[in-house]
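Read the numbers this way: they start at 1 and go in the same order the structure lists the ligands and their atoms.
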Amino acid sequence: MSEVLVIKAHPKTADVANSIEIGDRFLKAYQAIHPNDTILVHDLYAEGVPEINSTNLDSWKKLTNGVTYNELSENEQILLSRQQKLQDQFIAADKYVFISPMYNLFLPNRLKMYLDLVVVSTKTWVEGEHGPEGTLKNKKAIHIQSSGGTYHHTDNAFMATLDMGDAYLKALLGQVGVKDYQGIYCEGNSHRDPEDMAKNREIIAQEAEKVAKSF
Ligand SMILES: Cc1cc2nc3c(=O)[nH]c(=O)nc-3n(C[C@H](O)[C@H](O)[C@H](O)COP(=O)(O)O)c2cc1C
């Protein structure tokens with residue numbers, strides 16, 4: 001039995017967002033094959049993500065300097081316990097499903113905010129002899145991304161280099177030990193009429209359902 005953590009990072013819902021609809025199809029297919037797995041969904045736009053601000057930074061410093069959790073202010077405790085919970089869930093997961101649109105060649109900011117909270121020194125990576133060493137082993141990740149342009153389904157290799165959000169997510173997860181990573185890309189949406197977009201979405205959703213069976 002595996003724990004699957006789904007990170008939805010789209011301000012919209014499935015009825016209007018290609019990536020969310022494909023993500024839902026992926027999860028449905030996954031569940032059908034793995035009915036006993038636990039699936040935890042974080043909808044970052046519906047739930048919000050605590051930002052790293054001076055309160056967080058101060059409270060982390062206090063804890064490092066020997067102040068106990070109970071000695072922190074109520075505000076600091078609330079922020080820390082939310083962060084702790086997100087970190088614990090991230091570390092406990094066996095599989096990650098990231099669902100997001102591309103924004104300015106990168107990830108939506110709430111996804112970056114989430115990653116800043118859960119990827120932390122001493123927990124998800126440690127300083128090794130030859131640099132950072134990931135502590136998360138035998139886990140896998142998939143990134144379902146939708147974009148206006150076409151970066152992966154093209155012979156133009158330069159386009160793939162522009163998809164810095166996907167490359168960053170792969171690199172960051174690799175640094176914490178999650179080396180098994182794949183992307184599913186629903187692309188070219190800016191140039192498609194509604195009929196063509198629906199057709200392409202269906203092709204990518206079927207690809208996602210296929211991948212779900214071996215994920
Ligand atoms: C703020 C913003 C920035 C965007 N930046 C890019 C971009 O850099 N490259 C791109 O191909 N599409 C970009 N898009 C388009 C979206 O990625 C595209 O509409 C995508 O299909 C949205 O995801 P969805 O289909 O799941 O709703 C941007 C859209 C918004 C709202």
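- No close placement of the Tyr185 and Tyr151 rings is indicated, their centers lying 6.0 Å or farther apart.
- When hydrogens are left out, the protein atom nearest atom 28 (C) of ligand 1 is Met102 O, 3.5 Å; that is the closest non-hydrogen contact.
- Near Ala17, the atoms of ligand 1 lying under 4.0 angstrom from a non-hydrogen atom of the residue are 26 (O), 27 (O).
- Heavy-atom proximity to Gly149, at under 4.0 Å, picks out these atoms of ligand 1: 10 (C), 11 (O).
- Ring to ring, Tyr96 and Tyr181 are not that close: their centroids are 6.0 angstrom or more apart.
- Atoms of ligand 1 lying under 4.0 Å from any heavy atom of His10, numbered from 1 in the order shown and given with element: 23 (O), 24 (P), 26 (O), 27 (O).
- Looking only at protein heavy atoms, the nearest one to atom 22 (C) of ligand 1 is Pro101 CB, 3.6 Å.
- A salt bridge is absent between Glu207 and Arg25; no separation between the charged side-chain nitrogens and carboxylate oxygens falls under 4.0 Å.
- Scanning the protein heavy atoms around atom 5 (N) of ligand 1, the nearest turns out to be Asn104 N, 2.7 Å.
- Checked options His143, Gln145, His10; the residue passing with Ser100 is His143 (criterion: side chain to side chain donor-acceptor pair (under 3.5 Å)).
- Of all the listed residues (Ser19, Gly148, Cys186, Pro11), Gly148 holds the heavy atom that lies closest to atom 12 (N) of ligand 1.
- Ring geometry, Phe215 versus Phe26: the interplanar angle exceeds 60°, so the pair is classed perpendicular (tilted spans 30 to 60°).
- Of all atoms in ligand 1, listed by their number and element, those nearer than 4.0 Å to a heavy atom of Asn189 are 21 (O), 25 (O).
- At least one donor-acceptor pair under 3.5 Å links the side chain of Thr135 to the backbone N or O of Thr124.
- Annotation: salt bridge (Lys or Arg N to Asp or Glu O under 4.0 Å) contacts involving residues 85-111, sequence neighbours excluded, are absent.
- Residue Tyr103 has no nitrogen or oxygen atom sitting less than 3.5 Å from a nitrogen or oxygen atom of ligand 1, judged on distance alone.
- The shortest N/O to N/O separation between Val16 and ligand 1 does not fall below 3.5 Å.
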Step-by-step salt bridge (charged side-chain N to carboxylate O under 4.0 Å, His left out) determination, Lys62 to Glu76: CA-CA 10 Å; Lys62 284 182 196 168; Glu76 288 171 326; 2.8 Å; yes
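- Shortest contact from atom 10 (C) of ligand 1 to any protein heavy atom: Tyr151 OH, 3.2 Å.
- With respect to atom 8 (O) of ligand 1, the closest heavy atom belonging to the protein is Leu105 N, 2.9 Å.
- The closest approach between Phe106 and ligand 1 stays at or above 4.0 Å for every heavy atom of the residue.
- Residues meeting the side chain to side chain donor-acceptor pair (under 3.5 Å) test with Lys112, sequence neighbours left out: Asp116.
- At least one N or O atom of Ser146, backbone or side chain, sits closer than 3.5 Å to an N or O atom of ligand 1.
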